[in-house]
Amino acid sequence: GLRLAKEMFVARVAGRSMEPLIADGSLCVFRRGVTGSRQGRLVLVEALDSGGNDRYTVKRYHSEKKQDPDGGWSHERIRLEPLNPEFESWYLDPEEDRYRILAEFVQILD
């Protein structure tokens, strides 16, 4: 029932940090070009300073923003949260370019 688009791709997720929703070894559909607020979405994150497949992770995105003097908004901190309570959340520094959000989670393939 999923309507495929050119910005979608499939990746196998390894690890248990997103259980019980995403089991170790699941094939998941992701969509490139995350637009709008990422708040609460599951996202695929790439660590730019790492090599191999372990440079990718799937986590729930949570950001805290602050209003700038000019009226705009900027990230104060960004937290990446696992769904599995056995794993810890971690923070991205919004000022560093060590990570990038590649895509948002769409669904698991059966």
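Note: hydrogens, waters and symmetry copies are ignored here, and every other heavy atom, side chains too, is used.
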Stepwise side-chain contact (heavy atoms from CB on, under 4.5 Å) check, Tyr56 with Val45: CA-CA 6 Å; Tyr56 300 101; Val45 180; over 6 Å; no
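- Two residues are said to be in side-chain contact when any heavy atoms from C-beta on lie closer than 4.5 Å; Leu44 and Phe9 meet this criterion.
- Pro82 approaches Ser17 most closely through the heavy-atom pair CB-O, 3.3 Å.
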side-chain contact (heavy atoms from CB on, under 4.5 Å) between Val58 and Phe30, intermediate numbers included: CA-CA 10 Å; Val58 178; Phe30 293 90; 3.8 Å; yes
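- Between Ile22 and Ile108 the shortest side-chain heavy-atom distance falls below 4.5 Å.
- Pairs engaging residues 9-26 under the salt bridge (charged side-chain N to carboxylate O under 4.0 Å, His left out) rule: Arg16-Glu19, Arg16-Glu86 [sequence neighbours left out].
- Between the CG atom of Leu21 and the CD atom of Gln107 there is a distance of 11.0 Å, given to the nearest 0.5 Å.
- With a 4.5 Å cut-off on side-chain heavy atoms, Ile101 and Tyr61 count as touching.
- By the 4.5 Å heavy-atom criterion applied to side chains, Arg32 and Leu102 are not counted as neighbours.
- Once rounded to the nearest 0.5 Å, the distance linking CZ of Arg79 with CZ of Arg60 reads 9.5 Å.
- Between His62 atom NE2 and Glu81 atom CD the span is 6.5 Å, to the nearest 0.5 Å.
- Atom NZ in Lys59 sits 10.0 Å away from atom CG in Leu42 (nearest 0.5 Å).
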Stepwise side-chain contact (heavy atoms from CB on, under 4.5 Å) test for Asn84 and Met18: CA-CA 5 Å; Asn84 185 336; Met18 296 307 285; over 6 Å; no
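- Side-chain contact of Arg77 with Tyr91: a donor-acceptor pair under 3.5 Å is present, judged by distance alone.
- Atom CG in Leu92 sits 8.5 Å away from atom CZ in Arg98 (nearest 0.5 Å).
- Cluster membership for Val13 and Leu83, using ILVMFWY side-chain heavy atoms within less than 4.5 angstrom, is shared.
- The line from CH2 of Trp90 to CD1 of Ile78 is 10.5 Å long, rounded to the nearest 0.5 Å.
- With a 4.5 Å cut-off on side-chain heavy atoms, Leu48 and Arg100 count as touching.
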